[in-house]
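Remember, it's 1-based here, ligands and their atoms both numbered in the order they're listed.
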Amino acid sequence: LKAVICNAPFDLRLVEREEPVLGVGQVMMRTRRVGLCGTDFHIFAGAHPYLEYPRTMGHELAGEVIAVPDGSRFAIGQTVTINPYLACGACIACRRGKPNCCSSIKVLGVHIDGGMCELLVVPKGAVIDATGLTLDQAAMVEFLAIGAHAVARANLSEEDRVLVVGAGPIGIAAALFAKQTGAQVTLIDTRQARLDYARDRLGFERVELVDAGIAELLSARTGGDFFDCVFDATGNIAAMRAGLHYVAHGGSYVLIGVARDDLVFPDPEFHKRETTLIASRNALSADFDRVIRAIKQGSIPTAALQTHAFAAEDMPHQLPRLIEDADNVLKAIARF
Ligand SMILES: [Zn+2]
Ligand SMILES: [Zn+2]
């Protein structure tokens, strides 16, 4: 079996591996598509905290079912995607129906080996029916679900004005699902290429480049009110601090991106708005279902979201190039 492993930082290899054995309650999938994201780029570049090498990356997965336990609801050959957040089922978050923030979560392709391998064995509960989606679409469900989850956390209404900071894949995912609620969405980023793509290819009319005058500009665009809800999808600590100032009085601030530094706010600014501060982590199975429905309805421009495609064998060659060309990469998908 072919697998792509990250042997050590900057050392990606195509290797041969033994066929996995199907355990109790597990499903075997033939991997057909693996989407790449910032997490993979960080693992490759040695920038992911606590990661143990060697690691088989891959958490944005699509494939076909090839073996199932007795009495399974899955059929051989069925198109599926995977919920890569394997939860313990026993901790406080799991007991409260929030396995996305399980205290001992294991994410496929991060904490444990993921799907950059021809065959993958996962617990049956991680398998999600993606019948009716193309394999490329099925590989995009996971990152879209992260955006859908953040929007669900925010509880938006159609009168809301929404600001999304960061026009990378996660910011775009949040913006797409915010738009679906009827809210008016503005996207900002430090990279003009990302904004141009969002406007020209993804249908976002309101995009603004972040520069020294951005606060004044956003104030002018909203009649001095700023935004009912601001989503941060940068994980950049300076952007996360600045984002509070774009929240309207009475508004919410949803942090999707994760930073390693302390996040500090001036309390008078935080308090006078009566800010609702919300973190959003991973996604729930309901978010995966919502994404699949939206793709089936044709309300997600999946063809435009996918900017790159290549054979998995080329991964060692392609991954460094994608990192170099990051401003022009939205979603790259490897094919097995
Ligand atoms: Zn990802
Ligand atoms: Zn748990």
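- What you find for D11 and F44 is that their closest heavy atoms are N-CE1, 4.1 Å.
- With 3.5 Å as the limit, one finds no donor-acceptor pair spanning the side chains of Q184 and D160.
- The Zn ion (ligand 1) has an N, O or S atom of E60 inside 2.8 Å of it.
- The Zn ion (ligand 1) lies closest to atom NE2 when only the N/O/S atoms of H59 are considered.
- A donor-acceptor contact under 3.5 angstrom links the side chains of H149 and N100, judged on distance only.
- Rounding to the nearest 10°, we obtain 100° for the angle at the Zn ion (ligand 2) between C88 SG and C102 SG.
- Of the N and O atoms on the side chains of T56 and R17, at least one donor lies less than 3.5 Å from an acceptor on the other residue.
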